[in-house]
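Residue numbers begin at 1 in each chain, while the letters A, B, ... track the order of the sequences. Heavy atoms only: backbone and side chains are in, while hydrogens, waters and symmetry mates are out. Everything numeric in this text was worked out from a predicted model, so none of it was measured.
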There are 2 protein chains.
Amino acid sequence: MVNPGRKRDHSRDADILQATLDVLAETSYADLTIEMVAARAGAGRGTIYRRWTSKDELILAAVACADQGGPESGEFSDTGSLRGDLLAMLDPDWLGSGERRMRILSSLTAMMGRTPDAFAAVSQAIVEPSVAVYQHLIQRAVDRGEFAKSADVAALAQLIPAMATYRALFMRLPVELPFFESMIDGVLIPALESQRSS
Amino acid sequence: MVNPGRKRDHSRDADILQATLDVLAETSYADLTIEMVAARAGAGRGTIYRRWTSKDELILAAVACADQGGPESGEFSDTGSLRGDLLAMLDPDWLGSGERRMRILSSLTAMMGRTPDAFAAVSQAIVEPSVAVYQHLIQRAVDRGEFAKSADVAALAQLIPAMATYRALFMRLPVELPFFESMIDGVLIPALESQRSS
DNA sequence: CAGTTCCGGAACTCGACAGTTGCGGAACTA
DNA sequence: TAGTTCCGCAACTGTCGAGTTCCGGAACTG
C-alpha cells in the first residue's frame, strides 16, 4: 500500500487555470470569486483549494502560464526587412491573444501595484514576452545592417507594446492592423532611421 | 425660518476628495475603504455619506477633480522649438503630479474596465488632459512650420503619455527628465521629421 | 472485496466592509 | 433661548465572499 486512493486529475489544473484567466479577462482581480472560477471550470471549490492554498496563489499560478499561445517562443519568419518581419508576426492570431493579455493586464494593474509577487508574475508572463518579440526582431534588423548600430533597441522595443496597451486600456479603441502599420511606418522605423545620421 | 441649522461646511468637500485621491494613489479601488478616507480627512463616515450616496460616487467625484494642479490648463511658454517647449513644460512639478496620476490610473484600470462612468471620468480627468498638452504643443510646432502639415498630430500626441505610463505602471522605472529627453529626441521628433519627405 | 483519496456540490463559519443610526456637542436661525 | 442641522464618533445591521467541512459517488490499490 504505497499510493492508495483515486489519483488527482492533474489535467484539471490546466482547465482551472484557464478558467481563472477567462474570468480575469472578463472582470477584474477584485471581482473574481473562486465560485466563478469553479463554475467556469465545472469544478468544486474544494478541488481548487486542494491545489492552491489561496485565491492569490491561484491567480499568480494562472498568470504564470498566460504566456502560452503567442508566437514569441518560436522562430520568426525572416522577410528581409523589419517592416515585413513585424507584419508577418502580427498576421496570425497574435492580435486576439494580445487583446486578451491586455484585458488581463488591466485586471491586474491594481494587484501589481501592491504585491511584488504579482508584479513579477505579470511582468514575466505578459510584459516581458511582448517586448522581447520586438526586441528580437529589431535587433536582428540592426545586426543585418538595416539600421545603425547606435539605435536604442531596448527602448524602441517598448514602443509598440506601450502604444497598443495605452490605446486598448485607456482609449478603448481597437488595436488592429492599420494601427500597427501606422506605428511601424510612422514612428518606429523613422526613429530607427534617424540614428543613421547621428 | 428659511434655512435653519448649522451650515454644511463645503470646504470639507475638497479635503475629503483629496483624501480619496491620496488613498487611491496608495492602494487601489478595491482596497479603498470609506473608513480610510474618513480617517485621512479627519472626518466621520456619516459626513461622507451625507455628501455622496455611495463609495463609487465618491471615487468618481474625486477622480473628476484630479486634473487640477497640472500646467495643462494655462498657457505654455513658447521657446520657438518643439523640443524647448516640451522641456519647458516638463521642468516644474509636472513630473510629480504625473507620477501621482499614474498611480491613480493604475488603481482605477480595473474599475474603468467595468463601469462606463468610471472610464469616462478617468479619461476626461487624466488621460485626455495629458494627451492634450502634447497635442497642443505639437500642433503649434506644425503650425509654425517646424514640421510638415501631413504629420499625424493626434497619434503622436499619445506617444509620450503612452511610453511614460507603460514605463511607470508595467516596468516600475522612474519617469524622469532623461527618459523624456530620450523620447523627444529619439522618437517623437524623428517621427515628425520623417513626414517632411513623404 | 475493503480502505483510501479523489471529485462535484452544498452547507457552514467567519471576517471585512458598505451603509445606517444614534449620541453629545457645535453652529446657525429666528 | 428654542429648534434645527451640521459635525465627529461609535455602535449597529446586512451582505458578500474566502476558506472549511461534510456528503454521496467515483476511481484507484492491495
Contact class for B:S54 (heavy atom, under 4.0 Å): base, sugar-phosphate, or nothing? sugar-phosphate
Walking DNA chain D from its 5' end, the first of A:A30 and A:G46 to be reached, judged by nearest nucleotide, is A:A30
Is B:K7 close enough to C:dC28 that one of its side-chain N or O atoms is under 4.0 Å from OP1 or OP2 there? no
Quick one: are B:L169 and A:T165 in side-chain contact, heavy atoms under 4.5 Å? no
Assign each of B:I34 and B:G5 the nucleotide of DNA chain C bearing its closest heavy atom; nearer the 5' end lies the nucleotide of B:I34
Hey, quick one: are A:M171 and A:V175 part of the same hydrophobic cluster, counting side-chain heavy atoms closer than 4.5 Å, chains of contacts allowed? no
Find the distance B:I48:CD1 to C:dC17:C1' and express it as a whole number of Å. 14 Å
Between B:R114 and B:D56, does at least one N-O distance fall below 4.0 Å, as a salt bridge requires? no
In whole angstrom, give the distance that lies between atom CZ of A:R50 and atom P of C:dT5. 11 Å
In this structure, how many angstroms lie between the P atom of C:dT5 and the NE2 atom of A:H10, rounded? 15 Å
Give the rounded distance in Å between these two atoms: OH of B:Y29 and P of C:dA18. 9 Å
Return no unless some side-chain N or O of B:R12 is found under 4.0 Å from OP1 or OP2 of D:dG8. yes
After noting the C-alpha distance and the side-chain angles of A:V127 and A:L105, does the key distance pass the side-chain contact (heavy atoms from CB on, under 4.5 Å) rule? CA-CA 9 Å; A:V127 176; A:L105 200 59; 4.2 Å; yes
Could you tell me how far apart A:Y49 (OH) and C:dA11 (P) are, to the nearest whole angstrom? 18 Å
Which atom pair, heavy atoms only, marks the closest approach of A:L32 to A:K55? O-NZ, 2.9 Å
Expressed as a whole number of angstroms, how long is the span from B:E57:CD to C:dA18:C1'? 14 Å
Check this one for me: any side-chain N or O of A:R6 less than 4.0 Å away from OP1 or OP2 of D:dG25? no
Atom CZ of B:R45 and atom P of C:dG22 are separated, to the nearest Å, by 16 Å
Looking at C:dG19, D:dA18, D:dT4, which one has an atom nearest to any side-chain atom of B:P4? D:dT4
Does a side-chain N or O of A:T33 approach OP1 or OP2 of D:dG17 to a distance below 4.0 Å, or not? no
Quick one: B:E35 CD to D:dG8 P, roughly how many Å, whole number? 13 Å
Classify B:L32 by what it touches in the nucleic acid, base, sugar-phosphate, or nothing, heavy-atom distance under 4.0 Å. sugar-phosphate
